[in-house]
There are 2 protein chains.
Amino acid sequence: MATTPLRERTRQEILRRAMELFTEKGYTATSLQDIATAVGCSKATVLYHFNGKPAVAAAVLEPAAKLVADLVAEAAQLPPAEAQARLITDFTELAVRFRGLLDVLNDVVPTMDQLPEFHGMVEVGTALTRLLAGTDDPGEIALAGYAIQGLLGECRAPVQRADEELRDLAVTAMRRLLITP
Amino acid sequence: MATTPLRERTRQEILRRAMELFTEKGYTATSLQDIATAVGCSKATVLYHFNGKPAVAAAVLEPAAKLVADLVAEAAQLPPAEAQARLITDFTELAVRFRGLLDVLNDVVPTMDQLPEFHGMVEVGTALTRLLAGTDDPGEIALAGYAIQGLLGECRAPVQRADEELRDLAVTAMRRLLITP
DNA sequence: GTCTATACGAAGATAGAC
DNA sequence: GTCTATCTTCGTATAGAC
């Protein structure tokens with residue numbers, strides 16, 4: 001074996017607990033000490049495995065980010081109208097499923113420039129917006145961005161709303177915004 | 001004179017500098033020490049005039065919040081369709097004008113429950129959403145909330161966009177979302 | 001009443017012993 | 001690889017000078 005299992009085991013345990021805490025209390029309200037206590041190690045150990053708190057956030061977001069990236073890559077192979085229809089339902093579904101983590105994403109956006117882990121996410125976001133617009137018209141692309149902001153905002157909003165209800169709302173909103181008769 | 005000018009002068013100076021710093025660097029990234037240094041006083045002085053950092057935020061947001069509250073109160077007197085049309089243009093205009101402060105609002109939302117200064121803002125937001133929907137249908141009210149989230153998200157987004165461009169985008173989006181032919 | 005000096009606990013982060 | 005100890009800075013609280 002090339003990699004030592006011990007390193008990976010600790011890393012994964014930190015990630016598991018961090019995700020739980022971020023989902024429960026939010027990113028800002030969760031301290032490195034909270035994570036360390038939940039794992040049963042010291043703050044310094046957490047910072048040995050991850051290069052700062054934003055790096056923990058990046059690692060927690062990574063699985064969801066990969067699903068979005070894969071979805072966008074698939075959609076890019078389809079004709080524009082089909083790609084748009086596919087993303088309206090499937091990207092919405094992913095956003096709702098991982099909505100507990102959107103608070104982490106939001107708190108981390110301001111520091112994205114400095115974090116190399118996030119550079120890929122920006123490009124995926126750009127591609128997603130263009131495919132969601134279904135055209136290269138700048139006005140429609142801007143509306144697609146507006147639609148995404150609305151979706152992410154609703155997912156993070158403190159209003160109690162069932163997953164299915166939220167999905168239906170977002171799909172209706174995106175169709176009205178982006179599918180012009 | 002009932003009020004001493006000195007107190008008011010210091011208070012206003014703190015507010016002025018805090019607003020500048022919040023707009024430049026964001027709420028979280030601005031410390032009480034930053035504000036005190038900019039004003040030329042000590043941290044303790046800032047906390048003598050304002051009961052904690054969130055209270056500074058509340059005071060900074062207050063003028064904008066009052067304009068929104070007044071606008072909503074005016075719109076509430078109009079027939080539904082006129083109120084909706086009025087809010088689409090005028091609320092958008094206010095959001096764009098004060099977009100530098102929306103980051104403050106965003107960072108403060110999670111603690112709104114505990115801050116009495118903000119309780120009025122929640123009610124105004126509810127009334128705004130209902131009037132923007134133009135109807136009492138829960139589905140349309142939810143879409144109005146989605147429209148507001150989209151607007152606020154776009155205003156806070158790091159994308160460079162001129163004020164007029166942003167206004168046009170939001171007005172177009174709101175009309176597509178809320179005015180059903 | 002107005003403000004400064006000082007101190008406290010918790011945060012993120014680093015250095016070095018083991 | 002993990003720890004303890006330590007650093008800086010944050011928001012906050014209080015005592016007391018003027």
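Because the structure is a prediction, the values reported are computed rather than measured. The sequence lines fix the lettering, A, B, ..., with proteins before strands; numbering per chain opens at 1.
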Do you reckon A:L169 sits in the same ILVMFWY cluster as B:I179, going by side-chain contacts under 4.5 Å, direct or chained?
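Same cluster.
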May I ask whether B:M174 and A:I141 are part of the same hydrophobic cluster, defined by side-chain heavy atoms of I, L, V, M, F, W, Y residues being less than 4.5 angstrom apart, directly or through others?
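Per the 4.5 Å side-chain linkage, B:M174 and A:I141 are not co-clustered.
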Is the shortest distance from a Lys or Arg side-chain nitrogen in [X] or [Y] to a carboxylate oxygen in the other one below 4.0 Å?
X      : Y      : result
B:E13  : B:R17  : yes
B:E62  : B:K66  : no
B:R167 : B:D163 : no

Residue pair B:V72 / B:V68, side-chain heavy-atom distance below 4.5 Å
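Yes; the side chains approach each other to less than 4.5 Å.
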Mind listing the N/O atom pairs, protein and nucleotides 5-11 of chain C, below 3.5 Å?
from, atom 1, to, atom 2, distance (Å)
C:dA11, OP1, A:S31, OG, 3.4

Please tell me if B:Y48 has a side-chain N or O lying less than 4.0 Å from either OP1 or OP2 of C:dC3.
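No, because none of the side-chain N or O atoms of B:Y48 sits under 4.0 Å from OP1 or OP2 of C:dC3.
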Does a side-chain N or O of A:T10 approach OP1 or OP2 of D:dT2 to a distance below 4.0 Å, or not?
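True: A:T10 side-chain N/O within range (under 4.0 Å) of D:dT2 OP1/OP2.
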So if I take every side-chain heavy atom of A:L6 and compare against C:dT4, D:dT2, D:dT12, which nucleotide ends up nearest?
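Taking heavy atoms from C-beta onward, the closest nucleotide is D:dT2.
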What is the distance, to the nearest angstrom, from the [atom1] atom on [X] to the [atom2] atom on [N]?
X     : N      : atom1 : atom2 : answer
A:E13 : D:dG1  : CD    : P     : 17 Å
A:L47 : D:dC7  : CG    : P     : 18 Å
B:F50 : D:dA13 : CZ    : P     : 16 Å
B:R9  : C:dT2  : CZ    : P     : 12 Å
B:E8  : C:dT2  : CD    : P     : 10 Å

Return the stems involving DNA chain D, sorted by first number, where pairs are Watson-Crick (N1-N3 with N6-O4 or O6-N4) or G-U wobble (N1-O2 and O6-N3), both under 3.5 Å, and runs are 3 or more long.
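DNA chain D forms these stems: C:1-18 with D:1-18.
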Nearest atoms (heavy-atom pairs only) where B:I35 meets B:A18:
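Here B:I35 and B:A18 meet closest at CD1-CB, 4.0 Å.
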Do A:T37 and A:D34 have a side chain donor and acceptor closer than 3.5 Å?
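Checked: A:T37/A:D34 side chains show no N/O donor-acceptor pair below 3.5 Å.
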Tell me yes or no: between the side chains of A:T126 and A:T129, is some donor less than 3.5 Å from an acceptor?
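No donor-acceptor contact under 3.5 Å links the two side chains.
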